[in-house]
*Asks:* 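The structure is given below, and queries will be raised subsequently.
This chain uses plain numbering: 1 for the first residue, then up along the sequence.
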Amino acid sequence: MKKLIVGNWKMNGSLAANQSLLDALKLAHPKSTDACGVAVCVPAVYLAQAQALLTGSALKWGAQDVSAHEQGAFTGENSGAMLREFGCRYVLVGHSERRQYHGETDAVVATKAQRALACGITPIVCVGESLAQREAGDTMSVVKGQLAAVVHAVGHCITEVVVAYEPVWAIGTGRTASPEQAQEVHRMLRNQLLAACGKASSTPKILYGGSMNASNAAALLSQQDIDGGLIGGASLKAQDFMTIVSAAQYQ
Ligand code: PGA
């Protein structure tokens, strides 16, 4: 399966810093390849800048959240239709920071995935267990339940999403899941998606996220069911991000 590497800038950046980062990425990844797709998910206020700089390039861009509502009195939110106008190819939904700091439930995350699909944007559905859940032996049931809510809501459109497994204890901590730990969860997710999709050829990509960096990317990406990465901290440095992209290209 073609790999996909997505940067999640979180709440970082400035017009000047974004320009130099995106210029460097365009230079390093001038052509799209069959081996690996590359995208950056930027803060919503920088979508216009991403659109201006990346249109016509091999890089795609996206947002980090989408409203569960179509339009109306939802101060501060951005609708799927708005994101679409700015050329978003992807949107993160259910990132653990949204679940944790903004109280997003599985049901809200599932509705957001539906909204994105309705607007022609691929939702990157994030799932992952906390440290306490892992230590209690609940990893598989937690992650399975998070994905099941989305499968239930989007039905046959599940083939059009991307899933990202991000153990919460590995995000921004420098503590990565081992390739074997990640593969074990990815395999379970693959089986769950296979059951939902019916045929193997149409199962969504499953990305790994959580302290993936230039030195550990190759080992993670070589696992059978790891189809790419969702990269936070390391996506802010052009060289580190491109090293991860190269690691994905040579799997
Ligand atoms: P990290 O973040 O790579 O900085 O751990 C990943 C993410 O939150 O998507």
Side-chain angles (χ1 to χ4, degrees), residues 1-13 18 21-22 25-26 29 32-33 35-68 77-99 104 109-128 147 150 153-154 157-166 171 189 193 202-210 212 226-232 234-236 241 244-245 248:
M1 189 185 294
K2 180 172 172 170
K3 298 263 197 251
L4 175 64
I5 300 295
V6 180
N8 171 13
W9 289 4
K10 310 194 180 193
M11 198 173 72
N12 293 292
N18 304 344
L21 179 53
L22 293 177
L25 296 184
K26 278 199 292 187
H29 191 70
S32 42
T33 68
C36 183
V38 184
V40 287
C41 288
V42 308
V45 289
Y46 294 133
L47 284 171
Q49 186 188 24
Q51 186 178 36
L53 291 173
L54 299 181
T55 296
S57 81
L59 299 158
K60 310 281 185 226
W61 61 98
Q64 299 171 7
D65 184 32
V66 61
S67 177
E77 297 199 16
N78 298 302
S79 72
M82 293 170 187
L83 302 184
R84 188 65 235 168
E85 276 200 305
F86 287 92
C88 286
R89 172 80 170 72
Y90 298 101
V91 63
L92 304 181
V93 300
H95 188 279
S96 67
E97 287 148 18
R98 303 286 320 166
R99 292 179 190 260
E104 290 190 11
V109 172
T111 308
K112 289 186 171 195
Q114 275 178 316
R115 292 295 335 135
L117 289 167
C119 295
I121 301 170
T122 301
I124 301 178
V125 176
C126 304
V127 297
L147 182 59
V150 176
V154 307
C157 291
I158 194 66
T159 56
E160 286 155 45
V161 314
V162 169
V163 174
Y165 168 56
E166 298 203 303
I171 295 178
L189 290 169
L193 289 165
S202 54
T203 62
K205 290 186 204 309
I206 311 172
L207 315 182
Y208 170 80
M212 193 188 270
I226 301 187
D227 306 318
L230 180 55
I231 323 297
S235 73
L236 299 171
F241 191 58
I244 298 170
V245 171

*Asks:* Before you tell me yes or no, could you show the steps for L147 and L193 under side-chain contact (heavy atoms from CB on, under 4.5 Å), namely the whole-Å CA-CA distance, both residues' side-chain angles and the distance that decides it to 0.1 Å?
*Replies:* CA-CA 9 Å; L147 182 59; L193 289 165; 3.9 Å; yes

*Asks:* Using the side chain to side chain contact (heavy atoms under 4.5 Å, CB included) criterion, which residues pair with A58? Sequence neighbours excluded.
*Replies:*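 Side chain to side chain contact (heavy atoms under 4.5 Å, CB included) check on A58 returns H29, S32.
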
*Asks:* My understanding is that only residues two or more places apart in sequence, or in another chain, count here; which of them pass side chain to side chain contact (heavy atoms under 4.5 Å, CB included) with A39?
*Replies:*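 If we apply the side chain to side chain contact (heavy atoms under 4.5 Å, CB included) test to A39, skipping adjacent residues, the hits are V6, K60, Y90.
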
*Asks:* Could you measure the distance from the CD atom of E166 to the CG atom of L207? Nearest 0.5 Å is fine.
*Replies:*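 These two atoms lie 8.5 Å from each other.
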
*Asks:* Calculate, to the nearest 0.5 Å, the distance between atoms CG and SG belonging to L47 and C41 respectively.
*Replies:*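 Reported value, rounded in 0.5 Å steps: 9.0 Å.
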
*Asks:* For a side-chain contact (heavy atoms from CB on, under 4.5 Å) check, start with the C-alpha distance between K10 and I171, then their side-chain angles and the critical distance, and finish with the verdict.
*Replies:* CA-CA 12 Å; K10 310 194 180 193; I171 295 178; 3.4 Å; yes

*Asks:* Any sub-3.5 Å donor-acceptor pair from K3's side-chain atoms to V245's backbone N or O?
*Replies:*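 No.
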
*Asks:* Is there side-chain contact between L230 and L92, with heavy atoms separated by less than 4.5 Å?
*Replies:*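 In short, these two side chains touch, coming nearer than 4.5 Å.
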
*Asks:* Rounded to the nearest 0.5 Å, what separation is found between the CD1 atom of I206 and the CD1 atom of I226?
*Replies:*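 Reported to 0.5 Å precision, the distance equals 9.5 Å.
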
*Asks:* Verify, without hydrogens or angle tests, whether N8 (side chain) and G232 (backbone) share a donor-acceptor contact under 3.5 angstrom.
*Replies:*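 Not confirmed, N8 side chain does not pair with G232 backbone.
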
*Asks:* Apply side chain to side chain contact (heavy atoms under 4.5 Å, CB included) to E77 and list each qualifying residue two or more places apart in sequence or on a separate chain.
*Replies:*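 Testing E77 for side chain to side chain contact (heavy atoms under 4.5 Å, CB included), a comparison that skips the adjacent residues, returns S67, H69, F74.
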
*Asks:* My understanding is that only residues two or more places apart in sequence, or in another chain, count here; which of them pass side-chain hydrogen bond (donor to acceptor under 3.5 Å, both in side chains) with K205?
*Replies:*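 In terms of side-chain hydrogen bond (donor to acceptor under 3.5 Å, both in side chains), with neighbours along the sequence ignored, K205 is linked to no residue.
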
*Asks:* Any side-chain heavy atom of I244 sitting closer than 4.5 Å to one from I231?
*Replies:*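 Yes, side chains in contact.
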
*Asks:* Work out which heavy atom in A63 is nearest to a heavy atom in C88; give both atom names and the distance.
*Replies:*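 The pair with the smallest heavy-atom distance is N-SG, 3.9 Å.
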
*Asks:* Apply side-chain contact (heavy atoms from CB on, under 4.5 Å) to residues Q64 and M11 and explain how you reach the verdict.
*Replies:* CA-CA 9 Å; Q64 299 171 7; M11 198 173 72; 5.8 Å; no

*Asks:* Does any part of the side chain of L22, heavy atoms only, come nearer than 4.5 Å to the side chain of W61, both counted from C-beta?
*Replies:*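 Sidechains of L22 and W61: no contact.
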
*Asks:* Carefully, step by step, assess D65 and N78 under the rule side-chain contact (heavy atoms from CB on, under 4.5 Å).
*Replies:* CA-CA 8 Å; D65 184 32; N78 298 302; over 6 Å; no

*Asks:* Which residues satisfy the side-chain hydrogen bond (donor to acceptor under 3.5 Å, both in side chains) test with R84, sequence neighbours excluded?
*Replies:*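 So R84 forms no side-chain hydrogen bond (donor to acceptor under 3.5 Å, both in side chains) with any residue.
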
*Asks:* Would you list the pairs meeting side chain to side chain donor-acceptor pair (under 3.5 Å) in which at least one residue belongs to residues 45-56, sequence neighbours left out?
*Replies:*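 Sorted pair list: N18-Q49.
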
*Asks:* Below 3.5 Å, can you tabulate the donor-acceptor pairs from side chains in residues 114-122 to any protein atom, sequence neighbours excluded?
*Replies:*
from: Q114; atom 1: NE2; to: A153; atom 2: O; distance (Å): 2.9
from: T122; atom 1: OG1; to: R89; atom 2: NH1; distance (Å): 2.8

*Asks:* Under the rule for salt bridge (Lys or Arg N to Asp or Glu O under 4.0 Å), what residues qualify as partners of E104, not counting sequence neighbours?
*Replies:*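 Salt bridge (Lys or Arg N to Asp or Glu O under 4.0 Å) check on E104 returns R98, K112.
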
*Asks:* Rounded to the nearest 0.5 Å, what's the gap from OG on S235 to CD1 on I5? Could you check?
*Replies:*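 If I round to the nearest 0.5 Å, the distance is 11.0 Å.
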
*Asks:* State which residues pass side chain to side chain contact (heavy atoms under 4.5 Å, CB included) with T159; sequence neighbours excluded, sorted by chain then number.
*Replies:*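 C197, S202.
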
*Asks:* About how many Å separate CG of L59 and NZ of K26, when rounded to the nearest 0.5 Å?
*Replies:*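 K26 NZ to L59 CG: 8.5 Å, rounded to 0.5 Å.
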
